[in-house]
Protein chains: 2
Amino acid sequence: MAAAETARGRIAPLAEEDTLSLGERAYRRLRESIVQGMLPAGRKISERSLATQLGISAQPVREALQRLEQDGMVITLPRRGTVVAEMGPAQLGELGRIRAALEGVAAALAAERLDAAALATFTSILARMKAGTDAADHDILDEANEEFHALIHRATGNLFLMRSLASLRAYDHLGRRRAVGSTPRDLPKALREHQGIVAALRRRDPALAEARMRAHVLRSLVTNGVLSPPPRGKRPP
Amino acid sequence: MAAAETARGRIAPLAEEDTLSLGERAYRRLRESIVQGMLPAGRKISERSLATQLGISAQPVREALQRLEQDGMVITLPRRGTVVAEMGPAQLGELGRIRAALEGVAAALAAERLDAAALATFTSILARMKAGTDAADHDILDEANEEFHALIHRATGNLFLMRSLASLRAYDHLGRRRAVGSTPRDLPKALREHQGIVAALRRRDPALAEARMRAHVLRSLVTNGVLSPPPRGKRPP
DNA sequence: CATGGACATCTGCCATAGCAGTTGGCAGCC
DNA sequence: GGCTGCCAACTGCTATGGCAGATGTCCATG
């Protein structure tokens, strides 16, 4: 992340590398700037000034801000301004629970539509997860985990689901900060959960895949500190 | 009820009906046109021609189309055009299952945050539902049902959830068409489900409220024909 | 008749300019 | 000093124009 490395709140101009639209690039840049910590909550954002900072017009910036508002990351009051939304622990927890539910539905849909090629890819991903777990290599684990979920999302073929989950996963890096160094020894637990999900997918059992995926995401959120209590049912035995 | 009815000397805020932005109005108009059946699937939409039809500029139309693409209702191919997305029964079913999951999360969150005033409102809504069920009055039932869910959504206080559910509920009128005249006699069943959900909310039992809400939405989708099979568990005792 | 290439025309995308509503502050009055 | 009203400087919002890329047609060429 060398390009966007500037003073706090300052956004570097957009590089003209890709063929993506300016609005799309501005959207990704801004979302990254928010979840990374620059552009803190409550910060005022002006279409014009931000446009000059990015070296583009105000129109693509406006589109990016509207998409960010759809994601809940900014709030714009008509004729008054746009500010970065406050994201307290409570709201992060709610978004986590929403994401857990959606990941569950995605797993259920994937269990019905997955083809052989995707199932084979899971074998490779699980192998890398095993290696990363044994070596306690967080880089490998994060990358494999990303592919794991992305593969499931893609397998659903549902654009709405993919878009929603992409928006929600962006919040991950916001709530994970405090627990970055912890992750004591529940890495094997996460591995077993992933294996269990893949097993359910192979059996083409939507209900089981959904239950396991949802439980996995919820537990992951708990160990990462964004979801404080295990929301256990009221029957403790 | 007079809108400006406040304390002596107090002036009520202005209603914000027609102060909506052109982009927002174009978005709602287009979404309505799609779910109502005009603008059928595959129809090409041009920013410019649509702008002249609406009597506005191309920029607000563009914003509306982008939001519709986020909702999955249109697909725009860069430099080639924007077309109304195909919404087959399979996709409508998927969106229904997504919505069922999100409504469940909304019910769970509402069970934790609901205040006394909202709980009192549920009593009134349930009474109207009872009356509508006895009279088999679909207009009353639809309106009460709308308020029922909207109240739960609002109680969560989660903007992301509310936006997503608002987008998903728009598809309802797309899939319900064939079953409009049927609705044989499961109206009492829907009433009991609503009552059960409210009971769970009163007990502040998030897990129970979620399970009941999700089951209610899924069954509603089945009787409306958008979700064909009852996705029963694989143990048919 | 079949085929290929140039041109008119369409598309989404972006830049510029100006509008109307909001805010903050400063002068002027009580 | 405290309050009122005005003005300049913002803000988001919209209109207009023009850009490059994609499409379809038509004529020249084999």
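Chain naming here is simple, since letters A, B, ... match the order of the sequence lines and numbering starts at 1 in each.
Between the CG atom of B:Leu20 and the P atom of D:dT14 there is a distance of 10 Å, given to the nearest Å. Atom CD in B:Glu24 sits about 10 Å away from atom P in D:dT14, given to the nearest Å. When the C1' atom of C:dA15 is taken as reference, atom CD of A:Glu63 falls 12 Å away, rounded to whole Å. Atoms CD (A:Glu69) and P (D:dT11) sit 17 Å apart, rounded to a whole Å. Across the protein-nucleic acid pair, B:Gln66 atom CD and C:dG12 atom P stand 11 Å apart, rounded to whole Å. Between B:Leu77 atom CG and C:dT11 atom C1' there is a gap of 11 Å when expressed in whole angstrom units. As a whole-Å value, the separation of A:Glu47 CD from D:dC13 P is 6 Å. Distance A:Leu50 CG to C:dA15 P: 13 Å, rounded to the nearest Å.
Relative to the side chain of B:Leu22, the nucleotides C:dC14, D:dT23, D:dT14 differ in distance, and D:dT14 lies closest. Proximity note for A:Arg48 (side chain, C-beta onward) versus C:dC19, C:dG12, C:dC14: the nearest is C:dC19. Nearest to the side-chain atoms of A:Gln59 among the listed nucleotides D:dA15, C:dC13, D:dC13 stands D:dA15. Between D:dT16, D:dC13, C:dG12, one nucleotide has an atom nearer to the side chain of B:Arg79 than all others, and that is C:dG12. For B:Ser57, the side-chain atoms get nearest to D:dT14 when compared with the rest of D:dC13, C:dG12, D:dT14.
Within the nucleic acid shown, A:Leu65 has no heavy atom closer than 4.0 Å to any nucleic acid atom.
In the model, B:His194 has a side-chain atom that pairs as donor or acceptor with a side-chain atom of B:Asn145 under 3.5 Å. Side-chain atoms of A:His216 and A:Glu103 form no donor-acceptor pair, as typed in the model, at a separation below 3.5 Å.
Judged by distance alone, with hydrogens and angles left aside, B:Arg80 brings no side-chain donor or acceptor close enough to the base of D:dG24 to form a pair under 3.5 Å.
In this model, the phosphate group of C:dG12 is approached by a side-chain N or O of B:Thr82 to a distance below 4.0 Å at OP1 or OP2. Contact annotation: A:Ser21 side-chain N/O to C:dC13 OP1/OP2 distance is not under 4.0 Å.
Salt bridge absent: B:Glu210 and B:Arg214 never bring a charged side-chain N and a carboxylate O closer than 4.0 Å. Between B:Glu86 and B:Arg43 no salt bridge is recorded (no basic side-chain N to carboxylate O distance below 4.0 Å).
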May I have the step-by-step check of salt bridge (Lys or Arg N to Asp or Glu O under 4.0 Å) for A:Arg113 and B:Glu94, ending in yes or no? CA-CA 12 Å; A:Arg113 284 157 183 68; B:Glu94 294 177 12; 2.9 Å; yes
